[in-house]
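Note sheet for the following structure.
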2 protein chains.
Amino acid sequence: MTTIRDVAKLSGVSASTVSRVLNKNGYVNQETEQKVKQAIQKLQYEPNAVARGLASKKTGTIALILPNITNPFFPELARAVEDVARSYGYTVLFGNSDDQGDKEKSYIEVLKQRYVDGIIFSSHTLQRDDVVRLRSNKIPFVVLDRAPVGEACSVVRSNNLEGARMAVRHLLDRGSRKIAHIYGPQEILTAKERLRGYEETVKDFGWYTPTLMVPGNFRLDGGMSAAKELMQRHPDVDGIFVGNDLMAVGVLKTLLRMGIKVPEQVAVCGFDGIHLTEAVEPEITTVAQPIYELGALATKLLIQKVNGVDVENKVHELEVTLIPRDSTRKDTSL
Amino acid sequence: MTTIRDVAKLSGVSASTVSRVLNKNGYVNQETEQKVKQAIQKLQYEPNAVARGLASKKTGTIALILPNITNPFFPELARAVEDVARSYGYTVLFGNSDDQGDKEKSYIEVLKQRYVDGIIFSSHTLQRDDVVRLRSNKIPFVVLDRAPVGEACSVVRSNNLEGARMAVRHLLDRGSRKIAHIYGPQEILTAKERLRGYEETVKDFGWYTPTLMVPGNFRLDGGMSAAKELMQRHPDVDGIFVGNDLMAVGVLKTLLRMGIKVPEQVAVCGFDGIHLTEAVEPEITTVAQPIYELGALATKLLIQKVNGVDVENKVHELEVTLIPRDSTRKDTSL
DNA sequence: ATGAAAGCGCTAACAC
DNA sequence: GTGTTAGCGCTTTCAT
């Protein structure tokens, strides 16, 4: 292994000078710099990140904690975070909390031990005591979707409430007259807001009744079983706003399997904007979150914090877009 | 931050003794050990992984390089790797090479600098020079699917050849009489073997012709466009063996969109065994790889290597299972 | 069985 | 501008 001292020796300077050219800080003579750079070239020297981390408490690593890597939304998000992080010279460590608070805690522990520079939490199991611990350890972090109650954090999220309203209005516009909602786990703010948007928009219609709201788990199987339950309960439903795309795919499958035509008998609208919605037949209408932007913004904010910029602890809410597709097409036979 | 010296001071011993109880190596008196443990408890001491890494060259971290995080196969694999790694006390660093050799190389560089203990490559862009570099840096690694030509490595993979044969035979059994194949990128051994299995099995049939083999890219969109091309070229095809599940989902979508009934007119069989095949209608028959086992075995092998066990450089080939579903159901109306 | 000392490879004051 | 010095927090000989 070639070290900074080898470079120093070869270029006839001290290790600190080499360190200076490496980190582009402090004054260093043009010529000296050239000599050092040549030596680095010649020796194929690569600074050791571990040693650097120990000395400087900065490791050039940020972590991204995801709740469930099997929902395609998160890989898409991860890609954005990784892209931006790399462009700033950071490496990303991914962790999967599986929606388990204890797994999340153990990640925080491990990451702290590794001097990770900062963490992005896309996991709704982040607890208040976690936040306190992060703060006392001075580990910068950014939260996607929501912060623990009563904690001021930098939060990045989509306008879920308005998105839900858009979805329901779209279903009304295209002719649906009895619209149900399959919602996600209510511990997740996202799921809660979408449910609220639905309820607000439909509560004054004559057909509305609370049993039109059916719980799901944000996963494929949850969509399938919720759709089944819903259609048994209310066979006359002609539009479903599903809390996320993954469940919407499951809903579509169940409806088709039950012999129900989509969109002729029941229209389906999802939420998230994952590519999977374009891969099924019919393609599913969805309220698309700006997934890449969410990840990119979170990463930029985090890197600013890491660099000591005093980032305001506010909620950054990004707008969503309704993408109309065949699953909510107007029935032109009417 | 509480350090090993704080613990040493509180328990009235030296740092080395604390280190010994921490690492359970070397002799240490029962009583001393208790005192130290109490001090650790009291101070909530957590050893610093960076310092530890610098001193010992071991970081308790392994890395997993994935080619494409948006194919659900890889998150499922990642989960297995993470599970097993955690059970052995290792942390996993995930990297996404996007099938780009240079991104992969830059990962190797970064990981080396971080004293990562070992790497699992699930990326087919691993080059011969990468292997040479890893060897000279003494970084243990395990390869999923295939090693660069001429390099003896520990490889874990499925029996793709036999899997392809099973798929085609299944299509024949259920009544298909003109079977096409949509294959993946031929740089990927997996794709190549599956293609070979197809060709071998069908080449002696009268209906066989090379234009029944259509290239795809292992992604959703590739499946869609390949299916379109195929059906225009050979409208009388009545069975398609698709090189992977993600493309199969795309194929199914395109067929349905073209008004072609599945399985009545065309039967579809995929490969991989991802959950997504159960989330579409009709559910897609697939040759399931033992995804969890693949990841688990690769991880165990790697950890053995990391621990200095002299693991034989051989190919571990796991068996696959055909899961018959509706997309290849026999047409009972005949 | 335990401690002292050296050092992992680098950074960062502080001199000069 | 550049070198010297002193660590970062831990492991690991080598004495004792």
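All values reported here derive from a predicted model rather than from experimental measurement. Reminder, nothing fancy here: chain letters follow the sequence lines and each chain counts from 1.
Separating the CG atom of B/Leu22 from the P atom of D/dT11 is a distance of 6 Å, rounded to the nearest angstrom. In this structure, B/Lys57 places its NZ atom 13 Å from P of D/dT13, rounding to the nearest Å. The distance between atom CZ of A/Arg5 and atom P of D/dG3, rounded to the nearest whole Å, is 14 Å. Taking atom OH on A/Tyr27 and atom P on D/dG3, their separation rounds to 17 Å, with Å as the unit. Across the protein-nucleic acid pair, B/Met1 atom CE and D/dG9 atom C1' stand 8 Å apart, rounded to whole Å. Atom OH in B/Tyr115 sits roughly 17 Å away from atom P in D/dC10 (whole-Å rounding). When rounded to the nearest whole Å, the span between NZ of B/Lys58 and C1' of D/dT11 equals 13 Å. Counting to the nearest Å, the P atom of D/dG7 and the CG atom of B/Leu54 are 17 Å from each other.
For the pair B/Arg52 and D/dT11, the criterion of a side-chain N or O lying under 4.0 Å from OP1 or OP2 is met. Residue A/Thr17 places at least one side-chain N or O under 4.0 Å from the OP1 or OP2 atom of D/dG3.
Using a 4.0 Å heavy-atom cutoff across all strands shown, B/Val50 reaches no nucleic acid atom at all. In this structure, B/Ser16 reaches the bases: a heavy-atom distance under 4.0 Å links it to at least one base atom across the strands shown. Among the heavy atoms of the strands lying under 4.0 Å from B/Ser19 is at least one base atom, whether or not backbone atoms are also near.
Annotation: side chain of A/Leu77 is in contact with side chain of A/Ser122 (closest heavy-atom distance under 4.5 Å).
Taking every heavy atom of residues 29-49 of chain A and every atom of DNA chain C, pairs under 4.0 Å involve A/Tyr45, A/Pro47, A/Asn48, by number.
Between B/Ala55 and A/Arg20, the residue anchored closer to the 5' end of DNA chain C is B/Ala55, taking for each the nucleotide with the nearest heavy atom. Both B/Ala51 and B/Gly26 sit near DNA chain C, but only B/Gly26 has its closest nucleotide nearer the 5' end.
Atom CZ of residue B/Phe74 and atom CD1 of residue B/Ile69 lie 10.5 Å apart, to the nearest 0.5 angstrom. Within the model, atoms CG of A/Asn96 and NZ of A/Lys103 stand 5.5 Å from one another, a figure rounded to the nearest 0.5 Å. In this structure, the separation between CZ on B/Arg114 and CZ on A/Arg52 is 9.5 Å, given to the nearest 0.5 Å.
Looking at B/Lys37 and B/Glu33, a side-chain N of the basic residue comes within less than 4.0 Å of a carboxylate O on the acidic one, giving a salt bridge. In summary, A/Arg79 and A/Glu76 do not engage in a salt bridge, as defined by a charged side-chain N under 4.0 Å from a carboxylate O.
Heavy atoms from other residues, nucleotides or ligands lying under 6.0 Å from NZ of A/Lys42 number 12 at most. Within a 6.0 Å sphere centred on CG of A/Asn25, heavy atoms belonging to other residues, nucleotides or ligands number more than 12. Heavy atoms from other residues, nucleotides or ligands lying under 6.0 Å from CZ of B/Arg219 number 12 at most.
Between the side chains of B/Asn307 and B/Lys58, not a single donor N or O lies within less than 3.5 Å of an accepting N or O.
Scanning DNA chain C 5' to 3' for nucleotides with an atom closer than 4.0 angstrom to a non-hydrogen atom of chain B gives a first and last hit of C/dA1 to C/dG9.
End-to-end axis angle for the helix from C/dA1-D/dT16 to C/dC16-D/dG1, using five pairs per end and rounding to 10°, comes out at 40°.
Classified by interplanar angle (parallel below 30°, tilted 30° to 60°, perpendicular above 60°), the ring pair B/Phe141/B/Phe121 is perpendicular.
When A/Thr17, A/Val18, A/Val13 are each tested for a side-chain contact (heavy atoms from CB on, under 4.5 Å) with A/Val28, only one passes: A/Thr17.
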